[in-house]
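Notes to accompany the following structure.
Worth saying up front: this structure is predicted, and the values here are computed from it rather than measured. In what follows, chains carry the letters A, B, and so on, assigned in the order in which the sequence lines appear, proteins first and then strands, with residues in each chain numbered from 1.
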Amino acid sequence: MLSAASRRNPATCQRPSRGISHTVAAAVCACALVATLGSGCAERPTAPHRSKPTQGKLAGVISRGIVAVSQAPTTIPSGKLTGARIVLVDAAKSEIVSILTEGFRSAGKPNCSFDGKRILFAGAKANADAPAIWEIGVDGSGLRKVTECPGGCAQAIYLSTIYTIDAVAPEDQIAFVTLPTMDAPSTIYSCRLDGAEMHPVTFASKGVSDPTILSDGRLIFSMAAPSESDSAEEGVVENTALFTINTDGTDVFPFAGLHGAAASRTAPCQVDANTVVYSECDGTGCKVISVARTRSLHSRRIVRNIAGERIHALSPMPGGKVLVSHSIPRRGTAPLRRLSILDANDGKVIATVLDDPKWHALDAVWVGPRSKPPGRSSVVNHDGSVAQLYCLNVYLSDQSIQSDRDFEIETVRVFSNSLSPTDLSGPKLLGEARVESDGSFFVELPARTPLQLASVGLDGKMLDRMQSFFWVMPGERRGCIGCHEDREMTPPNRHVFALRRPAQRIGLPPVARAKSTRAYGSRKEPK
Amino acid sequence: MTAFGVTFAVSLAVLIGPPSDKECKDHFPRYVGRDVCMKCHQTGATTASDAPHQATPCKTEDMPAHDRAYSALEKSEARHIAALSGIAGPTTESLICLSCHATASDEGRRWTAESFDITLGVQCENCHGAGSFHIKAITSGLASLSLGSVSNIRRGDRNDCKRCHIDRPSHERVLKKGFRLSPDDSAYKTPVNLTVSPDGATLFVVCERSNSVVVIDTASHKKTGEVRVGARPHDAACSPDGSVLYVSNRMDASVSIVSIHSLKVIETIAVGHEPHAVLVDPQSNGLIVLNTANNTVSLVPLAGSDRPRTLTAGQGPWSATIDSERNRTVITNVRPNLGRFRDPPKSEITILDNASGHVATRVLVPGANMLQGVSQIPGTDVSVFTLVRSKNLIPTSRLAQGWVITNGLGVLWPGGRVDQVLLDAPARYFPDPMDLAVSPDGKRAIVVSGGANEAAIVDVDALLELLQNSSDRARRDILPNHLGMSDRFVLRRVRVGRNPRAVCYSPNGEFAYIANALDDTISVLETTNYDIVASIDIGGSTSVTHLRRGERIFHSASKTFGGQFSCRSCHPDGHINGLTFDIEADGIGLHPVDNRTLRGILDTPPFKWEGTNPTLHRQCGPRLAVFFTRLDPLAPDELDALVDYMCTIERPPNRFRKPDGLTNAQRRGKAIFERTTLNNGLSMQPQRRCVTCHTGAYMTTLTKSAVSSNMWFDAHIGVDLEDMFGTDDYGELGNYYFVDVGMEDSPFDIPHLRNIADSPPYLHNGAANTLEEIWTRFNMTNRHGATADLTRQQLNDLIAYLKSL
């Protein structure tokens with residue numbers, strides 16, 4: 001089956017459509033297209049391949065170490081990438097040690113387990129197969145399929161554990177991204193290592209990509225978000241920013257790029273205790289941006305900005321270094337994706353690991369033990385359908401505080417958006433919730449759906465409206481401080497009026513409610 | 001007095017009011033002891049010569065276990081049981097132990113006759129009540145007396161047995177499962193405070209676990225001596241001439257005076273209870289001692305004939321600094337003042353005028369609690385102190401954005417203005433800021449985070465400039481709540497040892513010393529770059545025992561998402577922070593729950609106010625992870641260690657209890673507590689009697705009970721109060737606390753009453769600021785004990801008794 005993305009935009013591999021990141025596109029190319037366009041299969045090496053001699057001095061950079069690299073043949077015409085594979089490379093020698101994905105028509109996006117012994121990847125064996133999630137030992141043993149999705153899935157990563165109060169013990173998890181289909185945008189799912197307990201953890205209308213785990217256990221990922229363009233006339237344009245969630249899907253929170261200039265921000269990776277780097281691309285090229293994990297919204301620093309360069313993937317290495325897949329397009333030739341090692345502090349290439357004209361280095365991951373982030377204990381009840389949201393003071397924002405308010409907010413209007421890409425009807429009104437005199441409100445909301453809030457004045461007119469969507473998970477009791485408050489502010493310690501009453505169940509005209517329910521219920525979960 | 005007179009007087013007493021202090025001695029019976037009872041009630045003692053009346057032969061005389069009960073306390077196992085029960089001191093002096101292993105322990109020896117011998121264990125009067133009136137009646141010729149009548153001998157029943165014959169986790173752990181303290185458990189030092197001699201040559205390290213002060217030579221960084229002081233020392237101060245060291249002893253209510261020359265205790269003086277900080281005021285030549293349990297400050301002259309004075313501080317005075325130029329002392333208080341229900345906490349900075357020996361000012365710090373370390377900035381009249389800003393009024397439903405607890409500094413300006421800033425950063429908190437020190441040049445401050453094992457190096461000028469250059473609104477609303485400000489004044493965070501609790505500078509400012517409580521080391525920092533240049537081993541055990549591991553978990557924030565808080569953040573000294581929280585587990589916005597002490601709790605199940613957790617493992621395992629820390633639950637061995645450590649948190653001696661037992665008022669209060677008839681002579685329903693629920697070693701039946709204490713905000717139902725948001729939103733007079741909405745009266749855990757006076761506020765939701773308020777404001781239905789008929793003195797007596805438990 002042809003994936004929705006590739007049907008709509010065959011050029012996805014080179015220029016991802018809006019809302020789909022480069023790395024998702026790469027995965028789509030490496031996996032989905034291989035599976036779907038099958039016949040043009042590249043010649044597949046049968047023996048370990050010695051790469052072109054390194055151009056850097058890797059022996060001085062890394063004394064030893066293995067890197068799992070996702071490669072795709074450069075000989076395949078644009079849009080027909082196939083034959084992608086995962087190889088293990090001796091990073092010091094730039095020498096391919098083994099091919100991990102023998103027997104796969106296409107494979108990519110490796111991720112290494114915390115003990116450094118297993119590799120998780122997306123792969124398809126037969127032409128008709130949609131890419132599924134597989135796991136294999138670093139030594140090539142124990143290949144098994146973890147899970148599969150109707151439209152294909154990619155970008156799998158190991159997570160830490162998840163625990164609920166009725167569980168026997170914490171369970172290890174993975175996360176992966178389902179590929180966009182006609183029915184649903186790309187979505188991050190989590191499941192156990194055996195593929196059971198599969199649940200979506202993002203609910204974004206326009207898709208998500210590039211999940212990575214932070215050292216504190218949260219997921220960071222790329223998602224469409226509003227942006228303020230440089231030109232006021234242009235108004236608000238679509239933008240891809242980085243967000244975090246807990247691994248149970250709760251507490252979606254902006255991490256970087258929420259209101260910057262329009263750009264595609266992808267490939268986040270944490271390189272040390274407090275540094276996260278990511279790729280920020282616009283029409284002119286890509287930059288490598290560094291932020292402090294603890295102050296990500298206020299510590300943006302450009303560490304690499306080469307004119308015209310494309311950054312395709314970033315992955316952490318020991319010692320504050322980063323594996324980067326990058327290319328510089330040249331007129332008349334397809335840009336070759338090289339694998340290099342960057343210094344995360346200054347963005348300089350320390351060495352080139354792979355630079356083989358026959359193979360794109362799509363992305364890579366360092367193979368070795370790493371610290372396992374803390375697990376998550378969760379209140380999410382996947383059997384439920386509702387959550388609660390309370391806001392302490394709608395008048396609190398980064399523009400004003402309560403004492404300055406010169407307007408009254410009477411209610412908060414709640415909209416939901418469909419998760420179906422084909423539903424272009426726009427946000428639907430779910431209802432309104434009363435705002436108390438101290439600015440607080442407390443409302444029960446449908447879980448697992450994109451939601452948007454708007455403040456409504458005494459005359460019934462909307463005063464302001466969220467530009468982005470958020471979601472709540474079933475059983476979550478999400479608290480927020482204000483409306484667009486300074487994200488580094490802590491909540492005021494007050495027993496607000498709204499919390500002295502039960503949560504409001506927002507009213508909705510029957511017709512509208514039924515419509516909304518259909519839209520939400522149309523979503524298909526992978527088997 | 002004849003027997004008739006005795007019985008008549010007793011019978012009428014409840015009708016005509018309680019006896020005066022003078023009458024008390026004769027009003028209440030005394031314990032005469034088993035041997036006296038057995039003169040008549042021994043099997044076979046039925047002849048006229050043996051028994052002057054037809055005494056019922058005792059059928060339980062052959063219960064040797066009762067006889068051995070007291071001596072069992074001297075067995076080695078008793079020490080381990082006591083440790084798991086948080087019982088400090090000898091088991092033969094513990095009210096809790098004696099309540100089931102002896103007789104008359106509650107009343108004390110003041111209420112026993114000379115014939116009574118406590119070492120005979122559980123005696124007849126344990127179930128039948130004190131027998132002196134009975135003896136008097138018999139010897140005065142009233143031969144025909146029956147149990148339960150005017151003889152004043154209670155008819156014991158199986159309920160008496162159940163007071164003690166119940167499952168006790170502490171006993172089971174030791175006697176059946178073999179729990180034993182490790183020898184290493186008593187070999188730790190646990191440094192909690194330190195001070196440098198005036199010449200800078202010697203560092204004195206106060207060691208809580210070893211009950212000692214370790215002496216360190218600052219030149220060689222070597223331990224040169226150790227002196228044993230009182231129980232659980234907390235702080236030390238040198239005399240200005242460097243000849244004497246004063247050490248506060250938390251569990252002894254005393255200060256040890258140590259000769260530095262001989263390293264011997266030359267005198268011990270009594271102060272208030274749980275003394276923490278001790279300072280020497282060179283101008284008045286007196287000691288200033290902060291009595292944390294009493295909420296008082298002792299001013300103790302070191303010379304002359306002046307008598308010690310006691311001043312009232314805030315709630316839990318903790319640390320202090322002397323401003324010599326202005327001749328004043330600035331005191332932090334660890335718990336907020338008792339205020340209006342569900343209002344943000346306000347903690348007190350108490351400022352003493354050292355010259356007059358009076359409290360000069362009380363400065364309130366809004367929104368803050370856990371005010372601990374404090375230091376004067378040299379050359380200024382500005383003080384800085386550590387604080388915590390707990391978000392106890394909003395649901396604990398997330399941990400992002402400082403949702404539960406934030407940690408910071410307070411700045412006290414001349415004139416009493418207080419500013420607050422946070423030491424936290426987003427996703428990187430500074431949990432449990434326990435102490436700070438300012439360099440002699442006033443340029444730097446070091447703050448230690450007990451929960452993160454770090455020290456923050458603060459640029460003092462940058463901090464003060466940030467505050468001075470900010471608007472009033474920013475200082476009030478933004479800076480105290482902003483996670484992005486610490487970058488402006490925290491130069492760096494330095495990793496130190498485990499659980500740093502105290503810090504001080506050398507007199508010349510070249511070095512700083514940090515006491516790492518849970519690895520028995522002192523970190524030495526040079527003060528140019530603030531790098532660690534040495535780690536001094538003060539001689540504690542280097543092994544990590546099961547309990548030590550649990551203690552580390554308890555004090556570490558690493559088990560909480562973002563490292564935001566530790567168990568200790570809400571339980572300083574294993575006790576309380578005086579706040580009620582809105583825990584997510586039972587719904588949000590409603591049902592606030594009072595924080596409860598952890599001191600000696602193992603044998604007091606069920607846990608949680610709703611009594612839904614039968615064990616501490618349940619309380620601290622899944623529930624803690626899902627609703628508090630949000631990370632993985634503790635691994636089984638970690639949980640075992642944490643729970644066992646928590647069980648060993650010691651309960652201090654009851655400060656309201658005299659060594660010889662109950663006072664007259666307390667004894668009268670006990671009679672009220674145990675009464676079965678109202679003042680009008682009518683019989684009380686059993687469920688309205690105090691002793692029905694509050695009995696046994698911990699004064700609880702270890703069950704749940706509904707006493708109509710639940711209020712409208714305890715239920716998950718809609719209550720539209722007309723004046724809900726007005727000034728009386730919670731009912732200034734209590735009118736709105738109880739609203740008949742047809743909801744079922746919810747049962748709550750029956751709390752134990754040991755050291756209950758130390759745990760305000762009261763009730764499951766902390767609505768009652770004092771014990772008195774439980775009955776004067778919150779017992780409107782008269783179901784939390786029948787108390788409506790009590791006179792003021794009777795209520796006072798009842799509370800006096802409760803405080804003695």
Chain B-proximal positions within residues 248-255 of chain A [heavy-atom distance under 4.5 Å]: A/D251, A/F253
Between chain A and each of B/G367, B/A625, B/P395, count heavy-atom pairs under 4.5 Å; write down the option with the most. B/P395
CG of B/L483 to CZ of A/R487, rounded to nearest 0.5 Å, is 13.5 Å
Quick one: pull up CG in B/D343 and CZ in A/R494 and give me the separation to the nearest 0.5 Å. 11.0 Å
Taking C-beta and beyond as the side chain, do B/H482 and A/D486 meet within less than 4.5 Å on heavy atoms? yes
With heavy-atom distances below 4.5 Å as the criterion, would you say the side chains of B/P345 and A/N493 are in contact? yes
What is the minimum heavy-atom distance between B/S397 and A/R477, and which atoms define it? OG-O, 3.0 Å
Take atom NZ of A/K372 as the centre, draw a 6.0 Å sphere, and report whether it contains more than 12 heavy atoms from other residues, nucleotides or ligands. yes
If we only count heavy atoms from C-beta on, is the A/T490 to B/L422 side-chain gap below 4.5 Å? yes
Close side-chain approach of B/E584 to A/E476, heavy-atom, < 4.5 Å: no
Which atom of A/S378 lies closest to which atom of B/V626, heavy atoms considered: O-CG1, 3.7 Å
Is A/E171 close to chain B through its backbone or its side chain, or both, or neither, when contacts mean heavy atoms under 4.5 Å? neither
So, B/N481 side chain and A/M489 main chain: donor-acceptor pair closer than 3.5 Å or not? no
Distance in Å, A/E488 CD paired with B/S486 OG, rounded so as to fall on 0.5 Å steps: 9.0 Å
Heavy-atom closest pair (B/W403 atom, A/G479 atom, distance to 0.1 Å) is CH2-C, 3.5 Å
Atom group of B/S390 that falls short of 4.5 Å from chain A, counting heavy atoms: backbone
Does a side-chain heavy-atom distance below 4.5 Å link A/T294 with B/Y429? no
Taking every heavy-atom pair that is under 4.5 Å apart, which of B/P344, B/P426, B/G402 has the most such pairs with chain A? B/P426
Any idea which heavy atoms bring B/I394 and A/L392 closest together, and the distance? CG2-CD2, 3.7 Å
Mark yes or no for whether A/S377, through its side chain, and B/L631, through its backbone, hold a donor-acceptor pair below 3.5 Å. yes
Judged by atom type as modelled, is there a donor-acceptor pair below 3.5 Å linking the side chain of A/R376 to the main-chain atoms of B/D632? no
For the side chain of A/H495 and the backbone of B/G589, is there at least one donor-acceptor N/O pair under 3.5 Å apart? yes
If we only count heavy atoms from C-beta on, is the B/F561 to A/P374 side-chain gap below 4.5 Å? no
Is B/N392 close to chain A through its backbone or its side chain, or both, or neither, when contacts mean heavy atoms under 4.5 Å? both
Does a side-chain heavy-atom distance below 4.5 Å link B/R630 with A/V379? yes
Treating B/K391 as the side-chain partner and A/P491 as the backbone partner, does any N or O pair qualify as donor plus acceptor under 3.5 Å? yes
What part of A/S296 gets closer than 4.5 Å to chain B, counting heavy atoms only: side chain, backbone, both or neither? neither
Would you give the length of the straight line joining atom CZ of B/R428 to atom CG of A/N274, rounded to the nearest 0.5 angstrom? 6.5 Å
